[in-house]
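These notes concern the structure reproduced below.
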Amino acid sequence: MSQTRVPDTSVLPGSVRFGYGSGSVATGAFGTVPGLMLLPFLTDSLGIAALWAGAIVLLPKLWDVVLNPVAGRISDRTVDARGPRRPWLLRAGLLLAPCFALIFAAPEMGSQVAEAAWVLVFFLAAATAYAFFQVPYVAMPAEMTDSYDERTRLMTWRVAILALTIMVAGASAPLIRDGVGGRNGYRVMGLVMALVIVAGVIASYRGTRNAPVGTVTAGAGTLGEQLRVVAGARDFRLLLTTFVLQALATGCMLAGVDYLAGDVLDSSGASTVLFVCFVGPALVLTPVWARLGSRIGKKRGYVASSLVLAAGAMLAATAQSAPAAVVFAATALVGVGYAGCQVFPMAMLPDTAAADTRRTGENRVGVYTGVWTAGETLGLALGPGVFAVVLALGDYRSSTDGAALQPGSALTAITLGFSLLPATLTLLSLWWLRRYTLGAAEVDTTLEETRA
C-alpha cells in the first residue's frame, strides 16, 4: 500500500497568519447573527407565524449545504495569478456584505408575504455568496504551507479570531437593535454587521497576498463518490453524527436567546448577557480543555464537556421560576461545556482523516473537511427551524412590534426549547460517540507512517 508523505517544512510570517485568521471576522459575523436575530426579526417585527419563519431561516442554509461541494469544485478549477482560492475571498465576500444588510432592510410593503419573500431572497443570495467565500477560505491552508505544525498555528489564529468575533457580534447585535428600536434597529444592525464583514473580507484578502500558492489538481470525484468514501469511514461517521446533533442543540439555544430574554426573563437587555455567558468561556477555557484532553484523551474529554453542556442546559429549565442570575449561571455552564465541544471534535477530525489515509493509501483530507462543514451547517441550520416548531406547538403569538402577550404555553415552549431539548440532543449524541474507537496509539502510528 502506498503512503502519502506529509512534509514538515515552511513557516509563514505572522502577518500572513493574522491575515488569514481575519477571514473569520466575516465567517463569524455571518455564522452567528442570523442564527441569533433572524427568527425574532421575522416573528416579532414582521409578524410572520413561527412555522413559516422557521422555514425561511432553514431553506437558505439547506441550499448552502448543497452548494458547498459545487463552490469547491469551481474554486478548484479557477485559473488566476492570485491562486485558485484568494480571488473568491474578494468576489464573494464583497457580495456577501450588501446581501446581508438587505436581509434586515425589508421595506414596509403592507404584505407579510412580500416582506417574507424579501427576506428569503436576500438570505438565499447571502448564503450563496457565503458558500463561495467560506469553501475556498477553508481550503487555503492546505495550499499555503506543507507543514503540519504551521497549519496548526494557522488554525490557532483562525479559531481565536473566530471566537472573539462571535462574542462581539453576538453581543453587540441585540444592543444595536434595541438602542435604535423597531425595524430601523434591525436595519442599522444589519448595516453595521455588513461593514464588519467587509472589514474581515478586505483584511483576509490583503493579508494573504504574500502567502504561498500551492499547485492544485482538481479532483475528478463526484459528490456521490465523495459520500461513498465517507460512508466507508466508520469513526468519521460516528464523530460527524455526534457533532451534527450537538450543532443542532447549539442552534436551538442560539435561536432561543432573544425569546428567553424578552419573554421569559422579561428583559431584552438580558439577551446580550446570555450570549456572553454562552460564548465567553470559550475565550478562556479552550486551552484548559485542550490540556485536559492531553491527559485523559480526546474522546473522554469530549464526553466530559458534553456532560457539562447538558447539565447547564438542564439547569436552565428553571428559567420560569428561578432568579435571572441562576439562568445566567446555567448558560455560563453551558458555555464551559461548549468550549470543550468545539475543541475535541475539531482535534479528532484530522485523526479520522489520517486513519483513512493509512487504510487506503490516499490523502482525502479535503473531502472529509468539506463533508464535515456541510454537516455542521446543516445542524446549525436545523436548530432555528426546530425551535420554531417548538414555538408553534406552544402557541407562540407573532406580532409586528414584539409586544404580543404570550400565553403560559408559549413561555414553557421557549424554556424547554432553550434547555431540555438541547440537553436531550447532546446526551443522545453520546450514543454515537461511545462507539468511536480511534485511539491515541493508532493515531500516532498513522502519523509516523504518513511521514515516512
Side-chain angles (χ1 to χ4, degrees), residues 23-24 26-35 38 54-80 83-103 117-143 162 193-194 197 200-201 204-205 216 218-231 240 243-244 247-248 251 349 364-385:
S24 288
T27 62
F30 182 76
T32 302
V33 176
L38 188 53
I56 291 171
V57 173
L58 175 62
L59 289 175
K61 289 294 187 178
L62 293 181
W63 166 243
D64 216 13
V65 171
V66 174
L67 190 61
N68 277 342
V70 177
R73 290 175 67 86
I74 291 176
S75 69
D76 280 345
R77 289 161 173 74
T78 298
V79 178
D80 192 291
R85 319 294 181 186
R86 189 164 164 262
W88 289 104
L89 300 186
L90 198 62
R91 295 170 187 169
L94 294 183
L95 180 61
L96 170 62
C99 290
F100 181 90
L102 287 169
I103 293 171
W118 172 287
V119 175
L120 180 59
V121 167
F122 283 108
F123 197 17
L124 277 169
T128 301
Y130 181 71
F132 280 90
F133 177 90
Q134 170 77 346
V135 174
Y137 175 70
V138 172
M140 287 180 73
E143 295 152 14
L162 178 63
M193 293 301 152
I197 291 173
V201 167
S204 62
Y205 177 76
V216 179
T222 65
L223 177 60
E225 291 169 340
Q226 292 177 355
L227 293 177
R228 283 193 290 272
V229 168
V230 172
L240 178 62
F243 189 68
V244 170
L248 174 57
L349 170 62
R364 293 183 287 214
V365 176
V367 175
Y368 283 84
T369 303
V371 175
W372 181 273
T373 302
E376 180 183 20
T377 300
L378 178 62
L380 290 174
L382 287 174

Closest approach of S204 and L89, non-hydrogen atoms and distance? OG-CD1, 4.1 Å
Per-pair distances, 0.1 Å, donor-acceptor, side chain in residues 123-135, under 3.5 Å, sequence neighbours excluded:
from	atom 1	to	atom 2	distance (Å)
T128	OG1	W63	NE1	2.8
T128	OG1	L124	O	2.9

Exercise: identify the closest heavy-atom pair between L102 and W118: O-NE1, 2.6 Å
Closest heavy-atom pair and its distance - A247, E376: CB-O, 4.1 Å
Could you measure the distance from the CD1 atom of I103 to the CG atom of L120? Nearest 0.5 Å is fine. 10.0 Å
Does T32 use its side chain to pair, donor to acceptor, with the backbone of A29 at less than 3.5 Å? no
Any idea which heavy atoms bring V201 and G93 closest together, and the distance? CG2-CA, 3.5 Å
Sequence neighbours excluded, the answer for side chain to side chain contact (heavy atoms under 4.5 Å, CB included) partners of P87 is D80, R82, R91
The criterion is ring-ring contact (aromatic ring centres under 6.0 Å, His included); which residues satisfy it with Y205, sequence neighbours excluded? none
Taking all heavy atoms of L94 and all of P98, pick out the closest pair and write down the distance. O-CD, 3.0 Å
So how far is it from L58 CG to L380 CG, rounded to the nearest 0.5 Å? 12.0 Å
From D64 atom CG to L59 atom CG, the distance as rounded to the nearest 0.5 Å: 12.5 Å
Flag, side chain of W88 to backbone of Y137, donor-acceptor distance under 3.5 Å: no
Any chance you could lay out the side-chain contact (heavy atoms from CB on, under 4.5 Å) test for V119 and L38, step after step, and finish with the verdict? CA-CA 9 Å; V119 175; L38 188 53; 3.9 Å; yes
